[in-house]
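Let me begin by presenting the structure, written as structure tokens, before commenting on it.
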Amino acid sequence: MPATVTAAIGIPAVALVVVVDDGSKDGTAAAARQAGAVVMRHARNRGKGAAMETGAETVRLLDQREHRDRPRHLLFLDADLAGTAALAGPLIDPVLAGKADMTIAVFASRIKLGGHGLVVGLSGAGIRRATGWQPAQPLNGQRCLTRAAFEAARPLARGWGVETGLTIDLLRKGLRVTEVEVGLAHRATGTGMRAQLHRAHQLTDVARALVVRL
């Protein structure tokens, strides 16, 4: 976590890093704060969609406090990117230039892990059926979007269905979504029991997001 925060702060277009501690029981919050992030905590685990909502609301309140003429764009990055988070700049550029309402990362280096393909396949097929567009990495959570685009997609889909729902909702509303290849990389999650349970939760949440959109 600290390495991710430090790397994100170093991105030229990034002036604020907000970390949402989603009910962890370790030192996540303290480590993120020490690294320079604004930290918000959930008393209990509420899922990825709720964490994104909390992070975005924190940015909105800070924008309001600073009397900004224009709201900040939102860049979402996962905590396990470590130093590679510094390479997220290309995600921001099309949004800053007004060429996209949301960008989605495509990792140049892909790690294939057992079971993950089922969830990716379900999400990709659902997005294609709903919108006609086939993303290369539909579940990639590294995204940059305008405040207006974020608000257009609310309420976000719950849990791990958030990326699938976000893509469908914005495309259906005529917003511009594009994928950008970047050098980011996740920590490998493996194929053990914990990883398989994680993917089962992902599958359930993605299916729920699709059911109400197809």
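Nothing here was measured: the structure is a model prediction, and the numbers come from that model.
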Could you list the donor-acceptor pairs under 3.5 angstrom formed by side chains in residues 27-42, with sequence neighbours left out?
| residue | atom | partner | partner atom | Å |
| --- | --- | --- | --- | --- |
| Thr28 | OG1 | Asp26 | OD1 | 2.5 |
| Thr28 | OG1 | Asp26 | OD2 | 3.3 |
| Arg41 | NE | Asp21 | OD2 | 3.2 |
| Arg41 | NH2 | Ser24 | O | 3.4 |
| His42 | ND1 | Asp22 | OD1 | 2.7 |
| His42 | NE2 | Arg46 | NH1 | 3.4 |
| His42 | NE2 | Thr54 | OG1 | 2.7 |

Salt bridge (charged side-chain N to carboxylate O under 4.0 Å, His left out) with [X]: which residues, sequence neighbours excluded?
| X | answer |
| --- | --- |
| Glu179 | none |
| Arg129 | none |
| Arg65 | none |

Legend entry - Result of checking Met102, Arg60, Glu53 against Phe150 for side chain to side chain contact (heavy atoms under 4.5 Å, CB included): Glu53
Closest non-hydrogen atom pair, [X] against [Y]:
| X | Y | value |
| --- | --- | --- |
| Pro135 | Pro138 | CG-CB, 3.6 Å |
| Val180 | Pro94 | CG2-CG, 4.3 Å |
| Thr84 | Gly183 | CB-O, 4.0 Å |
| Ile92 | Cys144 | CA-SG, 3.9 Å |
| Ala13 | Leu96 | CB-CD1, 4.0 Å |
| Ala8 | Ala85 | N-CB, 4.3 Å |

Under 3.5 Å, sequence neighbours excluded: what are the donor-acceptor pairs made by side chains of residues 69-77?
| residue | atom | partner | partner atom | Å |
| --- | --- | --- | --- | --- |
| Arg72 | NH1 | Asp63 | OD1 | 2.5 |
| Arg72 | NH2 | Glu66 | OE1 | 3.0 |

Inset, instruction - Using side chain to side chain donor-acceptor pair (under 3.5 Å) as the criterion, list what pairs up with Ser123, not counting sequence neighbours. - result: Thr164
Inset, instruction - Applying side chain to side chain donor-acceptor pair (under 3.5 Å), name anything that partners Arg147, two or more places apart in sequence or on another chain. - result: Glu151
Does any part of the side chain of [Y], heavy atoms only, come nearer than 4.5 Å to the side chain of [X], both counted from C-beta?
| X | Y | answer |
| --- | --- | --- |
| Leu91 | Gln142 | yes |
| Leu171 | Thr167 | yes |
| Val95 | Leu145 | no |
| Thr4 | Asp78 | no |
| Val18 | Val59 | yes |

Indicate every side-chain donor-acceptor pair of residues 207-214 with a distance under 3.5 Å to a residue at least two apart or in another chain.
| residue | atom | partner | partner atom | Å |
| --- | --- | --- | --- | --- |
| Arg213 | NE | Asp169 | OD1 | 2.9 |
| Arg213 | NE | Asp169 | OD2 | 3.4 |
| Arg213 | NH1 | Ala209 | O | 2.9 |
| Arg213 | NH2 | Asp169 | OD2 | 2.9 |

Supply the atom-to-atom distance [X] [atom1] to [Y] [atom2], rounded to the nearest 0.5 angstrom.
| X | Y | atom1 | atom2 | value |
| --- | --- | --- | --- | --- |
| Glu181 | Ile104 | CD | CD1 | 14.5 Å |
| Leu16 | Ile9 | CG | CD1 | 9.0 Å |
| Leu139 | Gln202 | CG | CD | 6.0 Å |

Inset, instruction - Can you sort out the partners of Ala125 under side-chain contact (heavy atoms from CB on, under 4.5 Å), two or more places apart, ordered by chain and number? - result: Arg128
Legend entry - Within residues 87-102 or reaching into it, pairs that qualify as salt bridge (charged side-chain N to carboxylate O under 4.0 Å, His left out) - sequence neighbours excluded: Asp101-Arg176
Please list every donor-acceptor pair under 3.5 Å in which a side-chain atom of residues 155-163 meets a protein atom from a residue at least two apart or in another chain.
| residue | atom | partner | partner atom | Å |
| --- | --- | --- | --- | --- |
| Glu163 | OE2 | Lys48 | NZ | 2.5 |

Legend entry - Donor-acceptor pair, side chain of Thr103 and main chain of Arg143, under 3.5 angstrom: no
Inset, instruction - Kindly indicate, with the supporting measurements, whether the criterion side chain to side chain contact (heavy atoms under 4.5 Å, CB included) is fulfilled by Asn140 and Val106. - result: CA-CA 7 Å; Asn140 202 309; Val106 172; 5.8 Å; no
